[in-house]
Engineer: 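Below is one structure. I have some questions about it.
To find a chain, count down the sequence lines: A is the first, B the second, and so on, and within it residues start at 1. Predicted, not measured: the structure shown is a model, and the values here were computed from it.
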2 protein chains.
Amino acid sequence: MKRIERLSVYRRFLQEIAGSEPGSVYSHELAEKTGVTPAQVRRDLMEIGFAGHTKKGYRSAELVAAIGNYLDSPEGDPVALVGLGNLGRALLPFFAGHHPKLKITAAFDTDPLKTGRVICGCRCYPFDQLEEVIAEENIRVAILTVPAAAAQKAAGRLAAAGVRGILNFAPALIRLPKAVTVETMDITIALEKIAFFARRSGDES
Amino acid sequence: MKRIERLSVYRRFLQEIAGSEPGSVYSHELAEKTGVTPAQVRRDLMEIGFAGHTKKGYRSAELVAAIGNYLDSPEGDPVALVGLGNLGRALLPFFAGHHPKLKITAAFDTDPLKTGRVICGCRCYPFDQLEEVIAEENIRVAILTVPAAAAQKAAGRLAAAGVRGILNFAPALIRLPKAVTVETMDITIALEKIAFFARRSGDES
DNA sequence: GTATTGCTGTGATCGGTTTCACAATTCGCG
DNA sequence: CGCGAATTGTGAAACCGATCACAGCAATAC
Ligand SMILES: NC(=O)c1ccc[n+]([C@@H]2O[C@H](COP(=O)([O-])OP(=O)(O)OC[C@H]3O[C@@H](n4cnc5c(N)ncnc54)[C@H](O)[C@@H]3O)[C@@H](O)[C@H]2O)c1
Ligand SMILES: NC(=O)c1ccc[n+]([C@@H]2O[C@H](COP(=O)([O-])OP(=O)(O)OC[C@H]3O[C@@H](n4cnc5c(N)ncnc54)[C@H](O)[C@@H]3O)[C@@H](O)[C@H]2O)c1
């Protein structure tokens with residue numbers, strides 16, 4: 001559902017302005033800073049049961065807390081990273097420390113050159129130990145950055161090991177039982193789409 | 001429009017099976033391999049004016065050509081990459097050689113340590129030369145991988161320099177005239193969303 | 001104390017996308 | 001050659017998220 005993404009975006013903005021005056025925001029401010037309409041902000045907050053105050057807007061600190069309460073697992077979620085290639089090794093430092101609730105706590109690769117080390121505080125295991133480590137650390141969320149040809153199989157093992165949500169970067173269709181959420185971010189296709197629209201917009205050469 | 005993405009996906013599958021038997025595909029095959037419904041495949045192909053043959057399906061090679069004709073700029077599009085950090089440096093080798101129509105031909109960074117070189121066949125320029133190089137190479141599409149705080153400004157310069165489509169990885173709202181297509185891939189928010197749904201699915205501890 | 005302003009909460013509506021459902025067509029077969 | 005099976009093309013319906021529009025209310029002004 002798209003609302004979940006918007007809530008994350010609202011929260012990010014609220015955290016950026018945290019502490020500053022006046023401690024509350026109007027739907028139209030949140031909308032402006034976030035690229036949506038005021039009605040949609042109000043609708044979203046209504047849906048999570050967070051009420052504002054007529055003429056005073058929404059209390060920022062409480063709203064952050066309410067969104068966190070709605071979105072986050074209270075203890076935070078450990079995340080597995082599968083595939084330590086170029087992309088995986090870029091993601092690792094990015095998430096290290098940056099996010100309060102989502103931490104990559106285990107990485108896996110089939111290549112023995114990539115495993116055994118600790119990178120950015122994250123242990124890198126041989127791919128064989130996937131099930132074991134995932135059960136051990138009670139991991140439910142994974143990022144998949146393996147080659148397309150290996151993606152379905154790796155995803156299947158993740159799901160079988162107990163993972164319930166996968167962010168997949170491989171350009172491949174992943175089929176899993178519907179109890180597992182899979183989102184594929186296909187960078188190539190996004191770029192093709194952008195090039196398509198870029199070409200159509202008022203073409204001047 | 002979502003159809004554009006699906007067309008890219010159809011094409012990718014068709015290219016994977018190119019050359020193999022029987023030279024044509026049914027809507028239900030394409031649908032199956034691509035994760036959509038057969039009716040949607042037919043509707044999409046109808047929209048681009050590509051007709052199949054009753055009982056024989058769609059001729060694969062011609063369909064690839066028709067999709068290419070619809071989506072691609074005939075000469076291909078040169079792409080700029082702005083921001084040579086961890087993510088930018090992962091994207092560079094990924095696109096190098098891989099895509100027939102989209103090639104990263106110029107990269108930019110403010111950090112003098114990152115510029116002056118040629119990486120994966122792509123020249124890396126100081127950020128100052130952005131306008132000059134973009135005009136020179138007639139670049140219309142860009143990938144933006146700079147820190148969030150720098151994203152709006154960099155995007156503005158890209159647009160002013162003639163770029164019409166931007167794939168943005170910075171977690172920031174980019175505002176540009178509507179003639180410029182901007183798509184933000186926010187990896188953090190995608191992961192938060194996945195963690196949310198992972199938590200809700202049949203929670204067993 | 002009354003009027004005015006401006007914001008929230010939400011039922012109603014809208015618009016785009018997906019899906020349904022079926023007529024039309026072609027093929028293989030007897 | 002006519003029948004049954006299979007597939008396309010597409011109007012119509014269903015669906016779903018976004019937007020509109022306004023009633024209700026709290027704060028402020030006068
Ligand atoms: N690099 C990018 O910028 C980029 C951009 C878009 C999409 N992608 C996609 O992301 C994926 C990874 O890209 P990359 O550039 O990091 O590739 P890469 O080849 O650099 O890395 C792939 C890694 O996966 C490991 N691996 C291979 N098979 C495995 C398996 N079965 N289990 C676990 N690990 C395995 C390899 O050892 C390697 O370390 C690919 O599917 C690619 O298409 C990458
Ligand atoms: N690395 C990741 O895996 C990842 C994941 C999700 C999102 N992102 C986002 O992508 C962006 C880049 O991430 P990163 O990890 O590569 O960061 P990074 O800090 O490694 O790289 C940023 C690069 O941009 C350059 N830069 C800074 N200001 C610039 C400007 N005004 N013009 C041109 N170049 C400039 C810096 O010199 C640096 O090389 C960030 O916005 C980040 O939030 C990164």
Engineer: Could you state the CG-P distance from A:Asp44 to C:dT8, rounded to the nearest angstrom?
Structural biologist: 14 Å

Engineer: Send over the distance from B:Leu45 CG to C:dT18 P, rounded to a whole Å.
Structural biologist: 14 Å

Engineer: Between A:Leu30 (CG) and C:dG9 (P), how many Å, whole number?
Structural biologist: 13 Å

Engineer: Has B:Arg200 got its NZ or CZ under 6.0 Å from the middle of the six-membered ring of A:Tyr70, at an angle within 45 degrees of the ring axis?
Structural biologist: yes

Engineer: What's the closest nucleotide to the B:Ala51 side chain, out of D:dG9, D:dA6, D:dA27?
Structural biologist: D:dG9

Engineer: Is the shortest side-chain N/O distance from B:Lys56 to OP1 or OP2 of C:dC27 below 4.0 Å?
Structural biologist: yes

Engineer: Out of C:dG9, C:dT18, D:dA27, which has the shortest distance to the side chain of B:Lys2?
Structural biologist: C:dT18

Engineer: How long is the line joining CZ of B:Arg59 and P of D:dT8, in whole Å?
Structural biologist: 15 Å

Engineer: Taking only N and O in the side chain of B:Thr37, is any of them less than 4.0 Å away from OP1 or OP2 of C:dT19?
Structural biologist: yes

Engineer: Between atom CD in B:Glu5 and atom P in C:dT18, what is the gap in whole Å?
Structural biologist: 10 Å

Engineer: By nearest heavy atom, map B:Gly52 and A:Met1 onto DNA chain D; which one lands nearer the 5' end?
Structural biologist: B:Gly52

Engineer: Flag this pair as yes if the NZ/CZ of A:Arg157 is under 6.0 angstrom from the six-membered ring centre of A:Phe127 and inside a 45 degree cone about the axis; otherwise no.
Structural biologist: yes

Engineer: Measure from NZ on B:Lys55 to P on C:dC29 and round the result to the nearest Å.
Structural biologist: 9 Å

Engineer: Do A:Arg11 and B:Glu192 pass the salt bridge (charged side-chain N to carboxylate O under 4.0 Å, His left out) test, and can you show the C-alpha distance, the side-chain angles, and the key distance before you say yes or no?
Structural biologist: CA-CA 12 Å; A:Arg11 171 165 65 175; B:Glu192 287 181 349; 3.4 Å; yes

Engineer: Can you spot which of A:Asp77, A:Val141, A:Leu102, A:Ile4 makes a side chain to side chain contact (heavy atoms under 4.5 Å, CB included) with B:Ile194?
Structural biologist: A:Val141

Engineer: Between A:Glu47 (CD) and C:dG11 (P), how many Å, whole number?
Structural biologist: 10 Å

Engineer: Can a side chain N or O of B:Tyr26 be found less than 4.0 Å away from OP1 or OP2 on C:dT26?
Structural biologist: no

Engineer: May I have the distance from B:Arg42 (atom CZ) to C:dA24 (atom P), rounded to whole angstrom?
Structural biologist: 16 Å

Engineer: At 4.0 Å (heavy atoms only), tell me whether B:Arg43 reaches a base, stays on the sugar-phosphate, or touches nothing.
Structural biologist: base

Engineer: OP1 or OP2 of D:dT7 sitting under 4.0 Å from any side-chain N/O of B:His53?
Structural biologist: no

Engineer: Any side-chain N or O of B:Gln40 less than 4.0 Å from the OP1 or OP2 oxygen of C:dT19?
Structural biologist: yes

Engineer: Quick one: does any side-chain atom of A:Asp44 pair with a main-chain N or O of A:Arg3 as donor and acceptor, under 3.5 Å?
Structural biologist: no

Engineer: Nearest of C:dT17, C:dC7, D:dA18 to any side-chain atom of A:His28?
Structural biologist: C:dC7

Engineer: Please determine, for the side chain of B:Ala39, which listed nucleotide (D:dC25, C:dT18, C:dA21) has the closest atom?
Structural biologist: C:dA21

